[in-house]
Amino acid sequence: MESELSDVLDELIELQQATDEAHAELTRLQEELGDAAQWTEEQHVTWRDAWEDAREPWWLLDTTLEHYSDTIGLDRDELEAMVQKAAGHVPPPVED
């Protein structure tokens, strides 16, 4: 079971990293393009294409988290937190 969990985590970490990279690319593109109200049609198409490209890793991560949480019997949020921690995410501070 531990080896299986390790393999699952490795796969999920790769998906999390792909998701993080896609998000970083969208952020970079948005900064480059500036105010969306001023975009040309070509810039809107560029943004839409980048958004569509970014949706795939997000969707894969989400569905894979759901699948593995059911398969290995871990709470989905707990599994996601493990993956994010292993991928280097810093959890937000807990508000009282």
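- Rounded to the nearest 0.5 Å, atoms CG (L79) and OG1 (T71) are 10.0 Å apart.
- Using the six-membered ring where Trp is involved, H44 and W39 have ring planes that are perpendicular, over 60° apart on the 30 and 60° scheme.
- Atom CD of residue E78 and atom CG of residue L65 lie 12.0 Å apart, to the nearest 0.5 angstrom.
- Side-chain atoms of I13 and Q17, non-hydrogen and from C-beta on, do get closer than 4.5 Å to each other.
- Evaluation of the salt bridge (Lys or Arg N to Asp or Glu O under 4.0 Å) test over residues 8-18, restricted to residues two or more places apart or in two chains, returns none.
- With rounding to the nearest 0.5 Å, the separation of CG in L15 from CH2 in W59 is 10.5 Å.
- Residues V45 and T40 have side chains not in contact (no heavy-atom distance under 4.5 Å, counting atoms from C-beta outward).
- In this view, H67 satisfies the ring-ring contact (aromatic ring centres under 6.0 Å, His included) rule with no residue, not counting sequence neighbours.
- We find the CG-CZ distance between D53 and R48 to be 10.5 Å, quoted to the nearest 0.5 Å.
- Hydrophobic cluster membership is shared by W58 and W47, with clusters built from Ile, Leu, Val, Met, Phe, Trp and Tyr side chains linked at under 4.5 angstrom.
- L60 and T64 get closest at one heavy-atom pair: O-OG1, 2.6 Å.
- Between D62 and R76, at least one side-chain nitrogen of the basic residue sits less than 4.0 Å from a carboxylate oxygen of the acidic one, meeting the salt-bridge criterion.
- When every heavy atom of P57 is checked against every heavy atom of A54, the shortest pair comes out as CD-O, 3.1 Å.
- Closest approach of L61 to Q16, counting heavy atoms only: CD2-OE1, 3.2 Å.
- Note on residues 22-46: pairs passing salt bridge (Lys or Arg N to Asp or Glu O under 4.0 Å), not counting sequence neighbours, are E25-R28, R28-E32.
- For the pair E80/D77, a side-chain contact is recorded, criterion being any heavy-atom separation below 4.5 Å from C-beta on.
- Rounding to the nearest 0.5 Å places CG of L29 at 9.0 Å from CD of Q43.
- Residue T46 holds its OG1 atom at 16.0 Å from CH2 of W51, rounded to the nearest 0.5 Å.
- Side-chain contact between L12 and M82 is absent, with no heavy atoms from C-beta onward closer than 4.5 Å.
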